[in-house]
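Taking it in order: structure first as structure tokens, then the write-up.
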Amino acid sequence: MKWSQHIIICLIQLVCWTSYNYPVNSLENGLLRQPPMGWLTWQRFRCVTDCQENPDTCISEKLIRTQAQLLVSGGYLAAGYEYIIIDDCWLNKTRAADGSLQPDNQRFPSGIRALSDYVHSLGLKFGIYEDYGTETCAGYPGVLGHLEQDAQTFASWKVDYLKLDGCNADIKDYDTGYPAMENALNATGFPIAYSCSWPAYQEYAKMKPNYSAIAQTCNLWRNWGDIDDSWDSVYSIVQWFGDNQDRLAPFHGPGHWNDPDMIVVGNYGLSPSQSRAQMALWSIMAAPLILSVDLRTISDWARDIILNKNLIAINQDPLGAMGRRILKLDGHVEVWSKSLQNDRTAFVALFPEPYGTPIRMSISLTDLGLGRFDEYDIFETFHGDFLGKYHKSDRYNFTINPSGDVHAFYVESALIKSL
Ligand SMILES: *[C@@H]1O[C@H](CO)[C@@H](O)[C@H](O)[C@H]1NC(C)=O
Ligand SMILES: *[C@@H]1O[C@H](CO)[C@@H](O)[C@H](O)[C@H]1NC(C)=O
Ligand SMILES: *[C@@H]1O[C@H](CO)[C@@H](O)[C@H](O)[C@H]1NC(C)=O
Ligand SMILES: *[C@@H]1O[C@H](CO)[C@@H](O)[C@H](O)[C@H]1NC(C)=O
């Protein structure tokens, strides 16, 4: 190849690099350079607190220890799922005499520090939930009025990740309250990844969240409603992210992530194809991959989807670009795309609605945004199978099933590969 061609390619790469890495002033605590991966109690175990009636599913140290062991023995930690996070309903309803937070002593008899030490001994990281307001969403004590004290408590428990919800507070106070909690966390000197619900409440209240301020404060933030265990819920979140991607994507990147909420794969609501779809779409969005599933009873097929190496690699790509919806075709199929390092691009074609029969799609490489190079190799994502060599003037044809299935593929330029 001639030098002039090299220079042109370098210039193109530089322009693309800078446009995908919009200069955002962001929180620099060194954490979450890639989207966090882990497991959280909420979607699957909610606020079950009666351990007499529900000894195996109540929010307790026993549940956390059991699921932590399975994260390791089931291969999830090896695949990258490293955080285990307790959501709401772990607290005692009253603070201790000195004003500090304390767990429910029936369900967490060993205390949080001992549980955190146990989790760390397995090679996992430990996360916990609190709320910015006077009370958590389930009515336990919130941090308001105790920010510094609670931050110190979390640091003394070696909490690696704090999810701070926004119930029972004045939404307007978030713009000062969430940064105040970040200052308190920072002042402990202990690195704590900070997950904020700040914009989710503001978006719901039709306020315009200041994503610039949010990215300077939080490592990740929930943007929109809570996910539920159904395809309707998953797809409504996907639609919202697609509709708002131009506002969100510039603030997404290493250390600061938009969060469409948990992976619900392995529970009751999604079919196998809808489960593939959620995992593929969350990978394309470079979303946090936070599972909420009972690892004692998860099916083999759901586990295989969650552990798919190619999807995880796309999600964890070091560029940290948030994928975008680039096409809507025939009123049915939409195509999402995410730029990866080394001039690769990942795509997901999604057929969200019930329809009855698979349909054949034909998309020009130009419409996929491919055209900088003459030749491309296309691979199926789930299995990594080589699907063929394509010229930039070709069309890519595939079949896609309805009712929430995806065709996931990734593309690399034949030219770059030969360099
Ligand atoms: C909650 O804390 C109070 C006061 O510290 C204590 O008396 C009570 O036993 C605790 N209850 C639970 C369920 O932890
Ligand atoms: C506190 O903030 C400073 C400045 O952004 C940063 O360099 C440091 O890593 C932070 N420390 C912790 C523990 O988060
Ligand atoms: C948003 O936050 C940034 C950073 O804190 C600040 O400079 C800017 O003025 C804020 N924008 C608005 C509209 O409040
Ligand atoms: C894709 O389908 C179009 C017709 O829709 C056809 O002209 C083209 O040859 C097909 N491409 C490949 C690579 O099979």
Side-chain angles (χ1 to χ4, degrees), residues 22-33 36 83 125-128 147-148 150-164 171-196 198-199 202-203 205-221 223 247-248 250-251 253-256 258 327 329-330 332-333 335 347 349 358-368 370-371 374-380 385-400 407 409 411 414:
Y22 191 89
V24 171
N25 264 330
S26 57
L27 175 65
E28 285 308 336
N29 57 7
L31 301 171
L32 305 192
R33 305 308 295 174
Y83 288 95
K125 292 179 174 155
F126 181 69
I128 213 161
L147 267 53
E148 284 77 18
D150 293 350
Q152 293 296 338
T153 300
F154 296 139
S156 76
W157 289 342
K158 296 197 187 298
V159 167
D160 303 298
Y161 180 115
L162 174 66
K163 171 179 172 181
L164 195 67
I171 294 176
K172 287 192 227 59
D173 292 345
Y174 296 168
D175 291 357
T176 51
Y178 275 91
M181 189 64 185
E182 163 51 21
N183 286 339
L185 293 172
N186 185 280
T188 68
F190 191 77
I192 301 176
Y194 188 31
S195 163
C196 302
W198 173 4
Q202 295 188 335
E203 294 278 3
K206 299 204 181 336
M207 293 165 64
K208 277 263 172 284
N210 185 339
Y211 281 107
S212 170
I214 291 164
Q216 286 175 41
T217 306
C218 310
N219 289 114
L220 66 157
W221 50 85
N223 304 77
R247 288 197 296 128
L248 308 180
F251 300 99
H256 41 99
N258 293 287
L327 296 170
L329 302 164
D330 303 341
H332 291 295
V333 173
V335 180
F347 295 92
I359 56 174
R360 284 184 55 77
M361 301 299 304
S362 178
I363 306 179
S364 72
L365 265 59
T366 317
D367 285 346
L368 290 172
L370 302 168
D374 285 344
E375 300 235 308
Y376 293 92
D377 291 333
I378 302 189
F379 301 84
E380 195 279 335
D385 297 337
F386 178 57
L387 298 179
K389 206 175 263 309
Y390 285 73
H391 188 264
K392 66 180 178 186
S393 61
D394 286 342
R395 299 181 76 79
Y396 176 54
N397 302 333
F398 57 93
T399 301
I400 184 166
H407 172 61
F409 56 105
V411 171

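We count ligands from 1, going down the list as the structure has it; atoms in each ligand are counted the same way. Atom set for the values below is all heavy atoms of this structure, side chains included, hydrogens, waters and symmetry mates excluded. What you are looking at is a predicted structure, and each value in this text was computed from that prediction instead of being measured.
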Problem - Distance-only side-chain donor-acceptor flag, Gln202 / Asn210, under 3.5 Å - result: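 Distance-only check fails for Gln202 and Asn210.
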
Exercise for the section: Decide whether Asn29 and Asn186 meet the rule of one side-chain donor and one side-chain acceptor closer than 3.5 Å. Expected result: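 No, no side-chain donor-acceptor pair sits under 3.5 Å.
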
So does [Y] get a backbone contact from the side chain of [X], meaning a donor-acceptor N/O pair under 3.5 Å?
X: Asp160; Y: Lys125; value: no
X: Tyr211; Y: Pro199; value: no
X: His256; Y: Gln216; value: no
X: Tyr194; Y: Trp221; value: no

Problem - Residue-ligand contact Gly189/ligand 2, heavy atom below 4.0 Å - result: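 It does; at least one heavy atom falls under 4.0 Å.
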
Problem - Mutual orientation of the aromatic rings belonging to Phe409 and His407 [parallel < 30°, tilted 30-60°, perpendicular > 60°] - result: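 Geometry flag for His407 against Phe409: parallel rings.
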
Does the protein come close to [atom] - that is, does one of its heavy atoms sit below 4.0 Å from that atom?
atom: atom 7 (O) of ligand 3; result: no
atom: atom 14 (O) of ligand 4; result: yes
atom: atom 4 (C) of ligand 4; result: no

Problem - ligand 2 atoms in contact with Asn29 (distance to a heavy atom under 4.0 Å) - result: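 Answer for ligand 2: 14 (O).
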
Practice task
Number the atoms of ligand 2 from 1 as they appear, then name those within less than 4.0 Å of a heavy atom of Glu28, with their elements.
Solution key: 5 (O), 6 (C), 7 (O), 9 (O)

Handout entry: Gln216: numbered ligand 3 atoms lying under 4.0 Å from its heavy atoms
Key = 4 (C)

Exercise for the section: Just need the protein heavy atom nearest to atom 10 (C) of ligand 3, so name the residue and atom and give the distance. Expected result: Asn210 ND2, 2.4 Å

Practice task
Could you find the nearest protein heavy atom to atom 2 (O) of ligand 4 and give me its residue, atom name and distance?
Solution key: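 Here the nearest protein heavy atom works out to Asn397 ND2, 2.5 Å.
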
Problem - Polar contact flag for Tyr390 and ligand 4 (N/O pairs, less than 3.5 Å) - result: no

Problem - Candidates Phe347, Phe379, Tyr390 - the one meeting side chain to side chain contact (heavy atoms under 4.5 Å, CB included) with Val411 - result: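 It is Phe347; the other options fail the test.
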
Problem - ligand 2 to Asn186 polar contact by distance, N or O atoms, under 3.5 Å - result: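 The answer is yes, given that Asn186 and ligand 2 share an N or O pair closer than 3.5 Å.
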
